[in-house]
Amino acid sequence: MSVVAAEASQLGFRKPVIISTPSHRALALRVQGLIGAASSIFSGAVMHVPTDSIAAALLHVSQQQSDGCICIGGSTTVGLAKAVSLETGLKSLAIPTTYAGSEMTPIWGITRDGVKVTGRDPRVQPRTVIYDPELTLTLPPAVSGASGINAMAHAVEALYAENRNPLISLVSEASIAALAESLPLLTREPNNLAARTQALQGAWLAGIALGTVGMAIHHKLCHVLGGSFSLPHAEVHSVMLPYCVAYNRHHAPAAVDAMARALQVPAADVPGALHDLVARVGAPTALKSLGMQQGDLERAAGIALARPYYNPREVTFDGVLELLTTAWAGSRP
Ligand code: NAD
């Protein structure tokens, strides 16, 4: 983090706003201590970036005449900085403290009237990202695990993306390998800085993959379950990943081979190995454990089918309902 002043100056920031969530204001204060008093702090970032948090941040930026954004925290905080960049054109510098990977993408997401809207715009992608593994030492093991599996899901779906390419496939395989090695280790040893470093590298690579190619059924279903049923973001990714890979396994053989190499298991075992990994890192493995009602699965399948999208295997109502039913129960795929 000691490089933040030099990097901020490189971006031409004289009076940047430092964005954090209310619970991580101390991190924002640390940044302010490093870059000087001309900066200001806005610690009102809120999960899923509701429009009132954006309005409050924009008012702050205008009153303080901020000339750049520095965001420090998880992807909730990065998300608010992206919303500010989208509205004002201000550049941003991100210091991520989870493994979600959003700092490497031009994808923004905001919640308007309870509905999450997303889009792509190169102006929102942070110009500089500082990865400091020491800042992730305070992440509780369960949050580390779910957040890391969230990153892994980007890399997994990039391997069978409609617009996949050989470079992103290499990046994705390396990301899965790094996360699969580091996440169980840092769950057992939260202070293991080498494992934290490797997990951030995995997240960085996953973010590059997510920002470059399109996603498929896994991200679609997680969006539905998070948006329409208010299930927690990273935890939904953790539950769904093994089942979505099982759904696609016979329709994306090269992708499954790459996952098998990264996980160091036979290709036939990939969905089961992902399920074991999720359990090993302390993340949830069943939708029912997140509070999803079995009676809502049909409605979720209906929403997921409402608008067509790319997936290597045809997406049918019966197929999705079966996938959701297995994920609800949480048995090993
Ligand atoms: P988050 O920022 O809400 O962080 C998750 C939890 O970790 C929170 O409770 C937070 O307080 C805690 N936390 C963060 N840093 C910590 C630290 N250093 N020590 C202790 N606790 C810490 O969420 P997230 O998991 O980082 O990201 C999820 C959000 O990001 C979702 O809204 C999702 O839609 C979005 N996302 C966007 C993209 C994109 O490209 N646009 C990609 C991935 C995720």
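All ligand and atom numbering here is 1-based and tracks the order in the structure.
- A distance-only check finds no donor-acceptor pair linking the side chain of N192 to the backbone of L186 [under 3.5 Å].
- Ranking the protein heavy atoms by distance from atom 13 (N) of ligand 1 puts H24 CE1, 3.5 Å first.
- Looking at T105 against ligand 1, only its side chain comes within 4.0 Å, counting heavy atoms.
- For atom 14 (C) of ligand 1, the nearest non-hydrogen atom of the protein is T98 CG2, 3.4 Å.
- Closest to atom 32 (O) of ligand 1, if we only count protein heavy atoms, is K116 NZ, 3.3 Å.
- Looking at A100, G73, S75, it is S75 that brings a heavy atom closest to atom 29 (C) of ligand 1.
- Using a 4.0 Å cut-off to heavy atoms of V143, the atoms of ligand 1 that qualify are 6 (C), 7 (O).
- Less than 4.0 angstrom separates atom 43 (C) of ligand 1 from at least one non-hydrogen atom of the protein.
- Every N/O-N/O distance between M47 and ligand 1 stays at or above 3.5 Å.
- Under the 4.5 Å side-chain heavy-atom criterion for grouping Ile, Leu, Val, Met, Phe, Trp and Tyr, L58 is not connected to V46 through any hydrophobic cluster.
- The shortest N/O to N/O separation between T136 and ligand 1 does not fall below 3.5 Å.
- Near L135, meaning under 4.0 Å from one of its heavy atoms, ligand 1 places the atoms 18 (N).
- Residue T138 has at least one nitrogen or oxygen atom sitting less than 3.5 Å from a nitrogen or oxygen atom of ligand 1, judged on distance alone.
- In this structure, L210 is not a member of the same hydrophobic cluster as L86, with clusters built from ILVMFWY side-chain heavy atoms closer than 4.5 Å.
- With a 4.0 Å heavy-atom cut-off, ligand 1 is reached by the backbone of T76 and by its side chain too.
- In this structure, a donor-acceptor pair under 3.5 Å is present between the side chains of R196 and Y99.
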Going through the distances and angles, do H219 and H154 end up as a side chain to side chain donor-acceptor pair (under 3.5 Å)?
CA-CA 8 Å; H219 280 73; H154 310 327; 2.9 Å; yes

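- Cation-pi geometry between K82 and W108 is not met: the NZ or CZ atom fails to fall both under 6.0 Å from the ring centre and inside 45° of the normal.
- Placement of I70 and V61 in two distinct hydrophobic clusters is found when ILVMFWY residues are connected by side-chain heavy-atom separations under 4.5 Å, directly or transitively.
- A donor-acceptor contact closer than 3.5 angstrom is absent between the side chains of H24 and T77.
- Ligand 1 has an N or O atom lying under 3.5 Å from an N or O atom of I107, backbone or side chain.
- By the criterion of a heavy-atom distance under 4.0 Å, the side chain of L210, and not its backbone, is placed next to ligand 1.
- Near T97, meaning under 4.0 Å from any of its heavy atoms, are these atoms of ligand 1: 14 (C), 15 (N), 16 (C), 18 (N).
- To the nearest 0.5 angstrom, L297 atom CG is 11.5 Å from K288 atom NZ.
- For ligand 1, the atoms sitting less than 4.0 Å from at least one non-hydrogen atom of H48 are 32 (O), numbered in the order shown with element in parentheses.
- Heavy-atom distances between M104 and ligand 1 stay at or above 4.0 Å for every pair.
- Not a single heavy atom of T21 sits closer than 4.0 Å to an atom of ligand 1.
- Between the side chains of Y247 and E322, no donor-acceptor pair of N or O atoms lies under 3.5 Å.
- Judged purely by atom type and a 3.5 angstrom limit, S175 has no side-chain atom pairing as donor or acceptor with the backbone of A155.
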